[in-house]
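The next block holds one structure in the form of C-alpha cells; read it before the comments.
Numbering starts at 1 and runs along the sequence shown. All of these numbers come straight from a predicted model, not from anything done at the bench.
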Amino acid sequence: MKDKLLYIKSWLQALSFKTGVVVLALCIPFYILSFAQMAIPSEYLSLEAKGILWIILFGLAKTFQYGGITILGVEGYKRVKNWIKNKNV
C-alpha cells in the first residue's frame with residue numbers, strides 16, 4: 001500500500017505548475033457547494049441526503065486541495081502565495 005501511495009505522489013508531483021493551480025482552484029467551488037446545499041429547504045432534500053452530499057462535496061474539496069498542493073509542491077505553493085499577495089497590493 002505504501003508503494004502505491006508513493007507512486008501516486010511522485011506521479012502528481014510530475015504534473016505541471018498550471019495543472020496544480022487548476023486542481024487547487026477546483027477546491028473552491030466544492031467548498032462552496034458543500035455548505036450552500038445546507039440552505040436547501042428540508043422539504044426538497046432530506047437531512048440524510050444533505051449529510052451525504054456534505055460528506056461527498058467536502059471530501060472532494062479536500063481531495064482537490066491536497067492534490068493541488070501535492071502537484072505544486074513547496075516552491076509552487078510559494079509562487080501562488082506571492083502572486084496572490086502581490087495581486088492584492
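- Taken to the nearest 0.5 Å, the CG atom of L33 stands 12.5 Å off from the CD1 atom of I56.
- The CZ atom of F64 sits 13.5 Å away from the CD1 atom of I69 when rounded to the nearest 0.5 Å.
- For V80, the side-chain contact (heavy atoms from CB on, under 4.5 Å) partners two or more places apart in sequence, or in a different chain, are F17, V21, L72, I84.
- The nearest pair of heavy atoms linking W54 to S34 is CD1-O, 2.9 Å.
- For T19, the side-chain hydrogen bond (donor to acceptor under 3.5 Å, both in side chains) criterion is met by S16, not counting sequence neighbours.
- Clustering ILVMFWY residues whenever any of their side-chain heavy atoms sit less than 4.5 angstrom apart, transitively, puts V22 in a cluster other than the one holding I32.
- A donor-acceptor distance shorter than 3.5 angstrom exists from the side chain of K50 to the backbone of I40, with no hydrogens or angles considered.
- Residues satisfying the side-chain contact (heavy atoms from CB on, under 4.5 Å) criterion with K81, sequence neighbours excluded, are Y77.
- Contact between V23 and G68 at its shortest, heavy atoms only, is CG1-N, 3.6 Å.
- Within the 4.5 Å cutoff, the side chain of F30 has no heavy atoms near those of the F58 side chain.
- Here the straight-line distance linking atom CD1 of I52 with atom CD of Q37 works out to 10.5 Å at 0.5 Å rounding.
- Separating the NZ atom in K2 from the NZ atom in K9 is a distance of 10.5 Å, to the nearest 0.5 Å.
- At a threshold of 4.5 Å between non-hydrogen side-chain atoms, the residues Q13 and I71 do not count as touching.
- Summarising the geometry, atom CD1 belonging to I28 is positioned 10.0 Å from atom CD belonging to Q65; distances are rounded to the nearest 0.5 Å.
- Taking every heavy atom of both residues into account, A61 and C27 meet most closely at O-CB, 3.3 Å.
- The OG1 atom of T70 lies 10.0 Å from the CG atom of L24; values are rounded to the nearest 0.5 Å.
- More than 12 heavy atoms of other residues, nucleotides or ligands shown are found within 6.0 angstrom of NZ on K62.
- The number of heavy atoms from other shown groups lying within 6.0 Å of OH (Y66) does not exceed 12.
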